[in-house]
Student: 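Dropping the structure in here first, questions after.
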Amino acid sequence: MTMTPEEKQIILESIRDIPDFPKPGIVFKDITTLLSNPEALNTLMTHLENRYKHYNLDYVAGIDARGFIFGSILADRLGIGFVPVRKKGKLPYTTVAEKYSLEYGFDEVEIHIDAFGKEGMCNDKPAKVLLIDDLMATGGTAKAAANLVNKVGAECVEACFIMELMFLKGREQFEMPVYSVLQID
Ligand code: AMP
């Protein structure tokens with residue numbers, strides 16, 4: 001399901017660039033202006049709904065925190081459940097964790113052990129899960145999140161991003177399909 005150049009433009013123009021946030025040299029892609037723009041949000045979510053409605057997904061998993069917003073809307077539109085992948089220490093029940101490296105040091109994401117049902121099974125088959133986040137930079141966060149989905153027995157069928165920073169080549173570390181709505185040079 002392709003988007004028209006006009007639709008892409010509506011979404012692109014609704015996202016605000018904040019130079020030097022959170023530190024010098026980083027251009028932060030601010031999606032709060034997309035969320036508060038009903039035309040842009042509706043255009044984006046209708047595109048994602050059309051793309052994924054024939055994937056026979058069982059769940060959408062969203063990455064902390066902006067992935068929760070897009071993931072929840074999409075899950076509801078598809079009539080399926082939403083699962084949060086959270087930063088360490090936030091989930092109340094038994095979790096499985098995955099560490100990933102940052103520029104300096106490590107971070108960790110977690111998922112509930114039964115997030116996709118017992119052993120991740122849905123009708124005797126591994127649950128089919130779409131992973132979603134607002135932006136892929138190095139891909140480290142999403143790769144760790146995809147590993148978590150697979151660790152609890154489900155199958156991560158695609159990783160989806162609203163934006164992809166192409167120059168960081170994050171998609172090269174994924175074996176599964178990666179989809180981005182907007183490619184940023
Ligand atoms: P990475 O693990 O390097 O792919 O980083 C992805 C995570 O960091 C996502 O959750 C993004 O929301 C956030 N992120 C990284 N770079 C940016 C950026 N330039 N603007 C907004 N969010 C970013």
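Every number for a ligand or one of its atoms is a count from 1 in the order of the listing. Just so it is clear, the values below take in all heavy atoms, side chains as well, and ignore hydrogens, waters and symmetry mates.
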Student: Is the F116 ring parallel, tilted or perpendicular to the Y59 ring (thresholds 30°, 60°)?
Tutor: perpendicular
Student: Going by the closest heavy atom to atom 4 (O) of ligand 1, which one wins out of P22, G67, G139?
Tutor: G139
Student: Looking at D20 and G25, would you say the former's side chain and the latter's main chain have a donor-acceptor pair under 3.5 Å?
Tutor: yes
Student: Any donor and acceptor pair, going by atom type alone, linking the side chain of K143 with main-chain N or O of Q173 inside 3.5 Å?
Tutor: yes
Student: For ligand 1, which atoms have a heavy atom of T138 less than 4.0 angstrom away?
Tutor: 1 (P), 2 (O), 3 (O), 4 (O)
Student: Any atoms of ligand 1 less than 4.0 Å from a non-hydrogen atom of G140? List them with their elements.
Tutor: 2 (O), 4 (O)
Student: Taking the side chain as every heavy atom from C-beta outward, state whether D64 and V109 have any pair of such atoms under 4.5 Å apart.
Tutor: no
Student: Specify side chain, backbone, both or neither for T141, according to which of its non-hydrogen atoms lie closer than 4.0 Å to ligand 1.
Tutor: both
Student: To which of I184, L135, D134, L165 does the heavy atom nearest atom 12 (O) of ligand 1 belong?
Tutor: D134
Student: Looking only at protein heavy atoms, identify the closest one to atom 20 (N) of ligand 1 and say how far it is in Å.
Tutor: K29 N, 2.9 Å
Student: If we count only non-hydrogen protein atoms and require a distance under 4.0 Å, does atom 14 (N) of ligand 1 qualify as touching the protein?
Tutor: yes
Student: Looking at side-chain heavy atoms only, is the closest gap between M45 and R77 below 4.5 Å?
Tutor: yes
Student: Can you tell if the side chain of L74 reaches within under 4.5 Å of the side chain of F82, non-hydrogen atoms only?
Tutor: no
Student: Can you tell me the protein heavy atom closest to atom 19 (N) of ligand 1 and the distance?
Tutor: V27 O, 2.9 Å
Student: Does ligand 1 come near enough to Y100 that some N or O of the ligand is less than 3.5 Å from an N or O of the residue?
Tutor: no
Student: Among protein heavy atoms, which sits nearest to atom 22 (N) of ligand 1, and what does the distance come to when rounded to 0.1 Å?
Tutor: R66 NH2, 3.4 Å
Student: Given 3.5 Å as the limit, does a donor-acceptor pair link the side chain of E110 with the main chain of G89, or not?
Tutor: yes
Student: N/O of F28 under 3.5 Å from N/O of ligand 1, yes or no?
Tutor: no
Student: Would you mind reporting whether I10 and N37 have side-chain heavy atoms less than 4.5 Å apart?
Tutor: no
Student: Is the contact between D133 and ligand 1 made by the side chain, the backbone, both, or neither, using heavy atoms and a 4.0 Å cut-off?
Tutor: side chain
